[in-house]
Amino acid sequence: MQPDMPVAGAEVDVLIVGGGPVGLTARALLERWGVRVLLVEKHRELSPFPRSRLVNVRSMEIFRQLELAERITAAAFAPEYGRIRFRDTLHASDFASAAMIGVSAPVPESPVIGVVTSQDRLEPALLGAAASEVRFGVELVDLAEEDEGVVARLVESRGGAATEIRARYVLAADGANSTVRERLGIHTRGPGAVGRVTTVVFDADLNRWSARHPAGVYLTAQGSLLPLYPEGGWALFVPTPEDTAGADWPGLVARALGDDMDIDVLRVEHWVVNAFVAERFRHGRILLAGDAAHAIPPAGGLGMNVGVADVHNLCWKLAGVLRGWAGPDLLDSYETERQPVARRTLGQAVENSKMMFQVQDVRREQLQAAAAQAPDRVEPPWSEQYFAQLGLVLGVAYRSAAVLTDGAGAPEPSDTGTTYVATAKPGHRMPHLWLTESRSTLDALGEWFTLLTVDPWEPRATLPWPLRVEPLPAEHTHRWDLRPHEALLIRPDGHIAARWNDGPPSDGTLHKALTTVTAR
């Protein structure tokens, strides 16, 4: 369904503020629902810097639904780059290493595999996934809520021309320094700014090192070295020096490499590492997502991915309200469901940082104690648990009015998020099983509710909600501890909304369940 394009001064269903991966994903999701969208981005083009580096397995499931997974994978590194290596310099041997679970190799819990890729490779794919209007070089400077919508004041960076746009809802994905969050007076909780980092993008012939010992990140005592693209290009991430104007960027790179070689510095970007969660994700018709709602330190590659999951949770709810088959109160479940996930993710990122620094501290102690006789290896403190985060990524369990529990409730994820156990309990992500050689249970989901049932069933009456019935082969039921005749109602975001033990529900029971879930 292709919505008409909005024009200047027109009313749109949803105004998206921010053209990073989260805003672009929201645009693609909403367009699939036929929602009229306008996205504005204050910069004049997509970011030329690598920034986010990891697309985890859950984000790739979402991109598979958007028919983008193959394109993203084609521009990404091979799976063997899904590893972090600790070295004294790039040219030294590993003294510790760990795999990125769900990236370094396929996992049976998902039909897809995560990838190491740069944000400047991901964003063009997301931009091309939808046709709704995008205005670069346009900044939101103010907004005000009205009874039936929001009036946003936009200013063009060239010429300063101002425009007012009326939107029924605003989705703010405008980053950690969100203008929208500031205008609304929404406070944040957490450490705040925890460091300043500089990204040095450079060109050098390092292929012989990465080809023999591939990794997505080489963590050295001088900073983190990252290969940017399969065909070449590198970046160094270092703490921002006091004197940035007088910094010797080629020299910093050379020390991290451990080799005095020709280095061509192409770009330098300074940025702040933030760590917080917003106190509120919703203010009436305005909703926060991604870094505007929660800023996650980069250790573990969680930040962008949790933002993608935010809008996957939110967009079907917005579409339901806009199309009339859901009530406005459904939007309250967005904060209820996603804010606890953001808090747990922030905690995991902080733990990842501690583990990362612990390895470096141990290595420094060894070098100081034994000089050149330091051991070749350091036992990682996490026992291969760094990046082993499937519990946090796939094991998210929602508790809200948009989930009908079966009495047992939804268990909390483990503290570290390292273990994922597939379950068909309400609130959890629908587990993956291959229905055919190439079709997963997750492929049965889309812009509709799915009733998954072993017994043949179809509603006798027409329902006002988008609904499809999907047969579940009986031989699969034992894998999720289901009884022979159980049925599952699955939300458009892939999370189980309800479960019936004695076969498919009656029309009345299903109607009541969907009424409750959608607050209609």
Side-chain angles (χ1 to χ4, degrees), residues 11-20 22-23 26 37-43 135 138-157 160 162-196 271-297 303-304 306-307 309-311 313-315 317-318 321-322 328-347 349 400:
E11 179 176 307
V12 296
D13 291 331
V14 178
L15 172 65
I16 300 174
V17 185
V22 174
V37 176
L38 170 64
L39 184 149
V40 296
E41 165 56 50
K42 66 181 179 180
H43 295 103
R135 298 185 194 169
V138 174
E139 183 174 5
L140 181 144
V141 295
D142 205 358
L143 73 173
E145 285 192 76
E146 297 181 340
D147 290 342
E148 299 297 323
V150 182
V151 178
R153 183 173 177 80
L154 311 175
V155 174
E156 295 183 9
S157 59
T163 305
E164 281 193 349
I165 289 288
R166 285 174 169 78
R168 293 182 64 185
Y169 289 92
V170 171
L171 195 164
D174 53 341
N177 298 314
S178 170
T179 298
V180 175
R181 191 184 67 239
E182 179 188 353
R183 290 290 184 271
L184 298 175
I186 296 177
H187 299 291
T188 61
R189 293 185 179 180
V194 294
R196 296 169 63 240
W271 49 284
V272 176
V273 179
N274 287 291
F276 63 75
V277 176
E279 291 184 344
R280 289 180 290 153
F281 286 14
R282 182 187 182 191
H283 185 288
R285 291 176 173 268
I286 305 165
L287 301 113
L288 309 181
D291 285 359
H294 42 71
I296 309 296
M304 180 202 73
V306 73
D310 284 345
V311 293
N313 176 288
L314 174 60
C315 286
K317 299 173 181 178
L318 277 171
V321 174
L322 289 164
D329 288 347
L330 174 61
L331 297 178
D332 289 337
S333 69
Y334 168 61
E335 178 181 307
T336 301
E337 294 179 348
R338 293 303 300 171
Q339 194 176 60
V341 176
R343 289 171 179 157
R344 285 196 297 272
T345 304
L346 177 59
S400 76

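Residue numbers start at 1 and run along the sequence shown.
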Participant: Treating Glu41 as the side-chain partner and Gly18 as the backbone partner, does any N or O pair qualify as donor plus acceptor under 3.5 Å?
Facilitator: no
Participant: Given 3.5 Å as the limit, does a donor-acceptor pair link the side chain of Arg338 with the main chain of Val306, or not?
Facilitator: yes
Participant: Count the heavy atoms belonging to other residues, nucleotides or ligands that lie under 6.0 Å from CG of Asp142, then report whether that count exceeds 12.
Facilitator: yes
Participant: Would you tell me whether His294 and Gln339 have side-chain atoms, one donor and one acceptor, within less than 3.5 Å of each other?
Facilitator: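 No.
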Participant: To the nearest 0.5 Å, what is the distance between CD on Glu139 and NE2 on His43?
Facilitator: 9.0 Å
Participant: I want to check something: taking the side chain as every heavy atom from C-beta on, are Phe276 and Arg189 in contact at a cut-off of under 4.5 Å?
Facilitator: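 They are not in contact (no side-chain heavy atoms under 4.5 Å apart), so the answer is no.
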Participant: If you define the side chain from C-beta out and look only at heavy atoms, does anything of Leu15 sit under 4.5 Å from Leu171?
Facilitator: no
Participant: Can you name the closest pair of heavy atoms from Leu39 and Gly23 and give their distance?
Facilitator: CD1-O, 3.5 Å
Participant: side-chain contact (heavy atoms from CB on, under 4.5 Å) between Leu288 and Ile186: does it pass, once the steps are laid out?
Facilitator: CA-CA 10 Å; Leu288 309 181; Ile186 296 177; 3.9 Å; yes
Participant: Look only at the side chain of Arg285 and the backbone of Arg168, and say whether a donor-acceptor pair between them is shorter than 3.5 Å.
Facilitator: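 Checking the backbone N and O of Arg168 against the side chain of Arg285, a donor-acceptor pair under 3.5 Å is found.
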Participant: Do you know the tightest heavy-atom contact between Arg166 and Glu146?
Facilitator: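 Closest pair (atom of Arg166, atom of Glu146, distance): NE-OE1, 4.2 Å.
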Participant: Ignoring hydrogens, what is the shortest heavy-atom contact between Ala293 and Phe281? Give both atom names and the distance.
Facilitator: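 Closest heavy-atom pair between Ala293 and Phe281: O-CE1, 3.5 Å.
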Participant: Does any non-hydrogen side-chain atom of Thr163 lie less than 4.5 Å from one of Val138?
Facilitator: no
Participant: Looking at Val180, is its backbone amide N or carbonyl O close enough to the side chain of Asp174 to form a donor-acceptor pair, meaning the two atoms are under 3.5 Å apart?
Facilitator: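 Looks like yes, one N/O pair under 3.5 Å.
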Participant: Check whether Arg181 reaches the backbone of Ala292 with its side chain - one donor and one acceptor, N or O, closer than 3.5 Å.
Facilitator: yes
Participant: Could you walk me through whether Leu143 and Ile286 pass side-chain contact (heavy atoms from CB on, under 4.5 Å), step by step?
Facilitator: CA-CA 10 Å; Leu143 73 173; Ile286 305 165; 3.4 Å; yes
Participant: Do Ile165 and Val12 come within less than 4.5 Å of each other through their side chains, counting heavy atoms only?
Facilitator: yes
Participant: How many angstroms lie between OG in Ser400 and CD in Glu335, if you round to the nearest 0.5 Å?
Facilitator: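 The OG atom of Ser400 sits 12.0 Å away from the CD atom of Glu335.
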Participant: Assess the residue pair Arg344 and Val341 against the criterion (side-chain contact (heavy atoms from CB on, under 4.5 Å)); give the C-alpha distance rounded to whole Å, side-chain angles, the decisive distance to 0.1 Å, and a yes or no.
Facilitator: CA-CA 5 Å; Arg344 285 196 297 272; Val341 176; 3.7 Å; yes
Participant: Less than 4.5 Å apart, side chain to side chain, heavy atoms only: is that true for Leu331 and Leu318?
Facilitator: yes
Participant: From Ile16 CD1 over to Cys315 SG, what is the distance, rounded to the nearest 0.5 angstrom?
Facilitator: 6.5 Å
Participant: If you define the side chain from C-beta out and look only at heavy atoms, does anything of Arg135 sit under 4.5 Å from Glu156?
Facilitator: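 SC-SC contact between Arg135 and Glu156 ruled out.
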Participant: Please round to the nearest 0.5 Å and tell me the distance separating atom CG of Asp310 and atom CE of Met304.
Facilitator: 12.0 Å
Participant: First locate atom NZ of Lys317, then atom CG of Asp332, and finally report the distance between them rounded to the nearest 0.5 Å.
Facilitator: 9.5 Å
Participant: So, Lys42 versus Ser157: side-chain donor-acceptor pair below 3.5 Å or not?
Facilitator: no
Participant: Is the shortest heavy-atom distance from the side chain of Asn274 to the side chain of Val194 under 4.5 Å?
Facilitator: no
Participant: Has the side chain of Arg183 got a donor or acceptor atom that lies under 3.5 Å from a matching backbone atom of Val141?
Facilitator: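 A pair under 3.5 Å: yes.
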Participant: Give the minimum heavy-atom separation between Ala289 and Val22, together with the two atoms involved.
Facilitator: CB-CG1, 4.2 Å
Participant: Answer yes or no: is there a side-chain heavy-atom contact under 4.5 Å between Pro297 and Leu346?
Facilitator: yes
Participant: How about CD on Glu148, more than 12 heavy atoms from neighbouring residues, nucleotides or ligands closer than 6.0 Å, or not?
Facilitator: no
Participant: Taking all non-hydrogen atoms of both residues into account, name the closest pair between Ile296 and Ala342 and its distance.
Facilitator: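 Heavy atoms only, the tightest pair is CD1-O, 4.1 Å.
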Participant: Nearest 0.5 Å please: distance from the OH atom of Tyr169 over to the CG atom of Asp13.
Facilitator: 10.5 Å
Participant: After noting the C-alpha distance and the side-chain angles of Leu287 and Leu314, does the key distance pass the side-chain contact (heavy atoms from CB on, under 4.5 Å) rule?
Facilitator: CA-CA 9 Å; Leu287 301 113; Leu314 174 60; 3.9 Å; yes
